[in-house]
**Student:** 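This is the structure I have questions about; it appears just below.
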Amino acid sequence: MDFSELLKVRLLSELLQLLNSNCLMGKTIKESNISVRTMKRTIKTCLLLAALSLPMTLSAQLSSNPDKFLGNITTRGNVDAGGGVPQYYQLWNQITCENESKWGSVEGNRGNFNWGCDRAFNYANQHGFTYKFHALVWGAQYPNWLPNLSPKERYAAITNWFDNVKAKYKTLPLIDVVNEAVGRHQDGNPMIKESLGGGGKTGYDWLIKAFDMAGQRWPDAILIYNDYNSIRWDVDNYLTLVQTLRDAGAPIDAYGNQSHELSDISTNELSNVLQRQQETLHMPMYITELDIDKANDAQQKSQYEKILPIMWEAPYCAGVTLWGYVHGATWVDNSGLYKNGAERPAMTWIKEYMATDAAKNAVSPYPGMKKEASIYIRPASLKVVKGDVLPIKVRARLATKTIEKVDFYVEEELVATMTEAPYIVEYEVPARISSGWKNTKAVVTATDGSTYERYGRFAVVSGNTKHEPFGEVPEMPGTIKIDEYDQGVSGVSFYNAQRNTSTTVKTDQWMDYTIDVKEDGLYSFDATVASTSSSGRFHLAEYGLDSLSYLTEFVEVPKTGGANEWKTLHGYLKNDLKAGRQVITLLVDQGGFYIKDIKLNRFVEGDGSCIVKTFSDAYGVGDNVVISARATSKSSTISEVRFYADNMLVGTATSSPYECVFTPTEKRTYEIIAVAVNAEGAEKVSNPRYLEVTSDTPLDIQTIESEEPNTPAYNLMGVPVDDNYRGIVIKNGKKIVVK
């Protein structure tokens, strides 16, 4: 039994004796004949015993501010550093894994998850303080198998990573959603950017998508963008990135300054840039990875004395995390606060400072370190022209309170007061307004009178053509002609596009298309393309008021044989389309190909059937392969059956028997599907069949009565057979029927 336990036993014994006295048996102090001094001692004893019954962490950690944490990281994968250093909970009340929760550490082998971060997560829960997951998306320390995948496969892998983190940690208080995405901070950023949809209409679609994915899985978490050089050398790019995420309505709650570069910053420079950040972003801020790399004890202590109070006492600062505290166990040489088990002078000063009233009473944007309000302003577009009608949604939710109203402002002018969700404003951009960025603000008022704010912006660009349909709005099911994208100005309804199909599309080109969907449902697409190479790629997206939705996977355009060799690519929309008028966007991820049109066809589940007959033979390159299918429709007659090999149209049939001839051009396995279209335009799609092309030359079948002597024979699975085998065999690269 340790000293604290012995003390508890002694105090409990004393308290029991007092409880048995007349004083605590229903009599007043005067009747009990007990002194006031003894009574005071009784009360103090009760209070002390109650305090000792609580977790020791409440009084031991350096930060006693109930609204801000002073945190740190794991040390060499462990929570407690050892070596005479105090236990973690005696110093810090927030923990971040230095490496254990990064994707590359967790899923080093694809499909096998090593949750080393459990140690820190469980420790934080045990001691009642905050855990931060670091980080979901980062252009470094991703799995080494990721670059070997295609963009479509990488997107699926990232989605799977998010899903597995969610399955493991259903609730998380803090998440670094994206880490170090400014410019070329990390060599892997271009690959991760490509994997998440590229720049798109906003320039930062890939980051918006990452935050949307995180917000859908952890709506109650505080979602953070984290970067370095954000205070000194890359401030402008950092602010542009974070501001764009905020303005586009991504569910970003706070910005993180790593603060590794501040070993010689002046107090004036630090104060000025932090104030500039806050005046630009109007969001909570975290200091996420603070260290002072100084071998000289006095210099390290002096720098902490200068900068930590400025950070900690800023009312928009929600917490500070130091990045390591043991000499020799940090990512830089001299940032440790303990050396050989003894605290350096900087650590002594930090303890003293955290005990001051200034530190204890510093204001935080998150009282109780919890997020009460989730407020995001999501415009349908970041750019408009005068006369445009811009739909804007305020996505507002309170954790423990009830919303009474939402006031929405444009340039301090009250535009709407909304009392019922969804909180949507149809803002008509007035002719009198000047060009440039326009500030927006949403003020959410709870029924208890408390208010919460969120800021945003949209840009009014020069131009006289409003964002409108090109002509008559095409109905879906139907055809979208690629050169008939919406009218308007560049950057609003299209970018880097031309109204013809005789030139190749360009990387990062995009076009909006207004369509009229006649009926809810799942739709497929058929895109008519031509290409002289196999590097093209595109996807369809919808910039909705709730999220950025990728309607298709990243569609890879194959080499078709020439600029006029048009082929049809088949695929499916990932989300149902809702009936009504809407805008979808074609985004060119990798250009250099031609695209003529995109047909959208409605898919009807369970309406008849379409079955491709199995392939029982092996084939070679150049063979004429007959693909046949059985197709029926319950609602109407079949108008045609389309046959696809690896999503490329290879033939059609308009009457039974439904067949086409396909000539493979490569030695590999082809995925074959058939699509039956009924008279009403609805589709039924077959399950895939797989066509094995095993030879570089045609395997024409020859019928003979007896085998060729002394020639090795193989069955269609490539297994050697003897002279007694009857059926189709392969001899000298030819298929032969042996009877």
**Student:** Roughly how far, to the nearest 0.5 Å, is CG of N624 from OG1 of T663?
**Tutor:** 4.0 Å

**Student:** Just by distance, no angles: are the side chains of T528 and D597 close enough, under 3.5 Å, to form a donor-acceptor pair?
**Tutor:** yes

**Student:** Work out which heavy atom in K667 is nearest to a heavy atom in T694; give both atom names and the distance.
**Tutor:** CE-O, 3.1 Å

**Student:** Enumerate, atom names and distances included, each donor-acceptor pair closer than 3.5 Å involving a side-chain atom of residues 146-160, sequence neighbours excluded.
**Tutor:**
| residue | atom | partner | partner atom | Å |
| --- | --- | --- | --- | --- |
| S150 | OG | E153 | N | 3.2 |
| S150 | OG | E153 | OE1 | 3.2 |
| E153 | OE1 | S150 | N | 2.9 |
| R154 | NE | S195 | OG | 2.6 |
| R154 | NH1 | L149 | O | 2.7 |
| R154 | NH2 | E194 | OE1 | 2.1 |
| T159 | OG1 | Y155 | O | 2.9 |
| N160 | OD1 | N164 | ND2 | 3.2 |

**Student:** A side-chain contact here means heavy atoms from C-beta on lying under 4.5 Å apart; do D646 and R668 qualify?
**Tutor:** yes

**Student:** Would the number of heavy atoms belonging to other residues, nucleotides or ligands and lying under 6.0 Å from CG of N109 be above 12?
**Tutor:** no

**Student:** Can you find a pair of side-chain heavy atoms, one from Y644 and one from V685, that are under 4.5 Å apart?
**Tutor:**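 SC-SC contact between Y644 and V685 ruled out.
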
**Student:** Distance from Q498 atom CD to D483 atom CG, nearest 0.5 Å?
**Tutor:** 11.0 Å

**Student:** Does I252 form a side chain to side chain contact (heavy atoms under 4.5 Å, CB included) with V242? I'd like the steps, not just the answer.
**Tutor:** CA-CA 8 Å; I252 177 175; V242 178; 4.0 Å; yes

**Student:** Check whether S493 reaches the backbone of D512 with its side chain - one donor and one acceptor, N or O, closer than 3.5 Å.
**Tutor:** no

**Student:** Counting only N and O atoms by type, is there a donor-acceptor contact under 3.5 Å from the side chain of R602 to the main-chain atoms of D520?
**Tutor:** yes

**Student:** Assess whether atom NZ of K166 is packed by more than 12 heavy atoms of other residues, nucleotides or ligands within 6.0 Å.
**Tutor:** yes

**Student:** When the ring planes of F494 and Y485 are compared, do they come out parallel, tilted or perpendicular, using 30° and 60° as the limits?
**Tutor:**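 Correct class here is tilted.
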
**Student:** Can a donor-acceptor pair be found, under 3.5 Å and without considering hydrogens, that links the side chain of T632 to the backbone of S609?
**Tutor:** yes

**Student:** N575 and Y550: side chain to side chain donor-acceptor pair (under 3.5 Å), yes or no, with the steps?
**Tutor:** CA-CA 8 Å; N575 303 325; Y550 293 164; over 6 Å; no

**Student:** Under the 3.5 angstrom rule, does the side chain of D163 hit a backbone N or O of R217 as a donor-acceptor pair?
**Tutor:** no

**Student:** So which atom in A442 and which in I375 form the shortest heavy-atom distance, rounded to 0.1 Å?
**Tutor:** CB-CG2, 4.4 Å

**Student:** F458 versus K383: any side-chain heavy-atom pair under 4.5 Å?
**Tutor:** no

**Student:** More than 12 non-hydrogen atoms from neighbouring residues, nucleotides or ligands closer than 6.0 Å to CZ on R689, yes or no?
**Tutor:**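 It does: R689 CZ has more than 12 such atoms within range.
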
**Student:** Residues two or more places apart in sequence or in another chain: which of them pass side chain to side chain contact (heavy atoms under 4.5 Å, CB included) with N601?
**Tutor:** S524, D526, K599, R642, E683

**Student:** Is a salt bridge present between K518 and D516, judged by a nitrogen-to-oxygen distance below 4.0 Å?
**Tutor:** yes

**Student:** Treating N500 as the side-chain partner and S502 as the backbone partner, does any N or O pair qualify as donor plus acceptor under 3.5 Å?
**Tutor:**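 Judged by distance alone, yes, a pair lies under 3.5 Å.
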
**Student:** Would you check, one step at a time, whether the test side chain to side chain contact (heavy atoms under 4.5 Å, CB included) holds for V555 with V529?
**Tutor:** CA-CA 11 Å; V555 182; V529 300; over 6 Å; no

**Student:** What pair of heavy atoms forms the shortest contact from F554 to L196, and how long is it?
**Tutor:** CZ-C, 4.1 Å

**Student:** If I take atom CZ from residue F643 and atom CG from residue L649, how far apart are they, to the nearest 0.5 angstrom?
**Tutor:** 10.0 Å

**Student:** Would you find a donor on one side and an acceptor on the other, under 3.5 Å apart, between the side chain of D486 and the backbone of T514?
**Tutor:**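 Here the side-chain-to-backbone pair exists.
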
**Student:** Identify, with sequence neighbours excluded, every residue that meets side chain to side chain contact (heavy atoms under 4.5 Å, CB included) alongside V489.
**Tutor:**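 Per chain and number, V489 pairs via side chain to side chain contact (heavy atoms under 4.5 Å, CB included) with V385, V461, V492.
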
**Student:** Report yes or no: does S639 contribute a side-chain atom to a donor-acceptor pair with the main-chain N or O of V677 at less than 3.5 Å?
**Tutor:**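 Yes, the answer is positive, given that a donor and an acceptor are paired below the 3.5 Å cut-off.
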
**Student:** So among Y142, F162, W161, which one has a ring-ring contact (aromatic ring centres under 6.0 Å, His included) with W103?
**Tutor:** W161

**Student:** Which heavy atom of L587 sits nearest to which heavy atom of A541, and what is that distance?
**Tutor:**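 It is CD1-CB, 3.5 Å.
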
**Student:** Take atom NZ of K393 as the centre, draw a 6.0 Å sphere, and report whether it contains more than 12 heavy atoms from other residues, nucleotides or ligands.
**Tutor:** yes

**Student:** Is the backbone of K613 close enough, under 3.5 Å, to the side chain of S628 for a donor and an acceptor to pair up by distance?
**Tutor:** no

**Student:** Mind listing the closest non-hydrogen atom pair of R537 and F593 along with its distance?
**Tutor:**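 Looking at all heavy atoms of both residues, the shortest contact is N-CE2, 3.7 Å.
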
**Student:** Between F408 and Y427, is the ring centre distance below 6.0 Å?
**Tutor:**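 Not close enough - the centres of the two rings lie 6.0 Å or further apart.
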
**Student:** Does Y513 use its side chain to pair, donor to acceptor, with the backbone of I482 at less than 3.5 Å?
**Tutor:** yes

**Student:** Listed by chain and number, what are the side-chain hydrogen bond (donor to acceptor under 3.5 Å, both in side chains) partners of K466, not counting sequence neighbours?
**Tutor:** none

**Student:** Excluding sequence neighbours, so at least two apart, what forms ring pair (Phe, Tyr, Trp, His ring centres under 6.0 Å) with F133?
**Tutor:** none

**Student:** S534 side chain to K559 main-chain N or O, any donor-acceptor pair under 3.5 Å?
**Tutor:** no

**Student:** Is atom OH of Y495 surrounded by more than 12 heavy atoms (other residues, nucleotides or ligands) closer than 6.0 Å?
**Tutor:** no

**Student:** If I compare all heavy atoms of V517 with all of Y523, which pair ends up nearest, and what's the gap?
**Tutor:**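 Minimum heavy-atom separation between V517 and Y523: CG1-OH, 3.6 Å.
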
**Student:** Can you tell me if NZ on K438 sees more than 12 non-hydrogen neighbours from other groups inside 6.0 Å?
**Tutor:** yes

**Student:** Show every donor-acceptor pair shorter than 3.5 Å between a side-chain atom in residues 204-214 and any protein atom, with sequence neighbours excluded, or say none if there are none.
**Tutor:**
| residue | atom | partner | partner atom | Å |
| --- | --- | --- | --- | --- |
| D205 | OD1 | T202 | N | 3.4 |
| D205 | OD1 | T202 | OG1 | 2.7 |
| D205 | OD2 | K201 | N | 3.4 |
| D205 | OD2 | Y543 | OH | 2.3 |
| K209 | NZ | L548 | O | 2.9 |
| D212 | OD1 | R378 | NH1 | 3.0 |
| D212 | OD1 | R378 | NH2 | 3.4 |
| D212 | OD2 | R378 | NH2 | 2.9 |
| D212 | OD2 | L548 | N | 2.9 |

**Student:** Could you tell me if K102 sits above the aromatic ring of W138, with its cationic atom closer than 6.0 Å to the ring centre and no more than 45 degrees from the axis?
**Tutor:** no

**Student:** Would you mind checking if K170 and D220 are paired as a salt bridge, meaning a charged N to carboxylate O distance below 4.0 Å?
**Tutor:**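 No.
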
**Student:** To the closest 0.5 Å, what do you measure between OH (Y594) and OG1 (T504)?
**Tutor:** 5.5 Å

**Student:** Nearest 0.5 Å please: distance from the CD atom of E640 over to the OG1 atom of T652.
**Tutor:** 5.5 Å

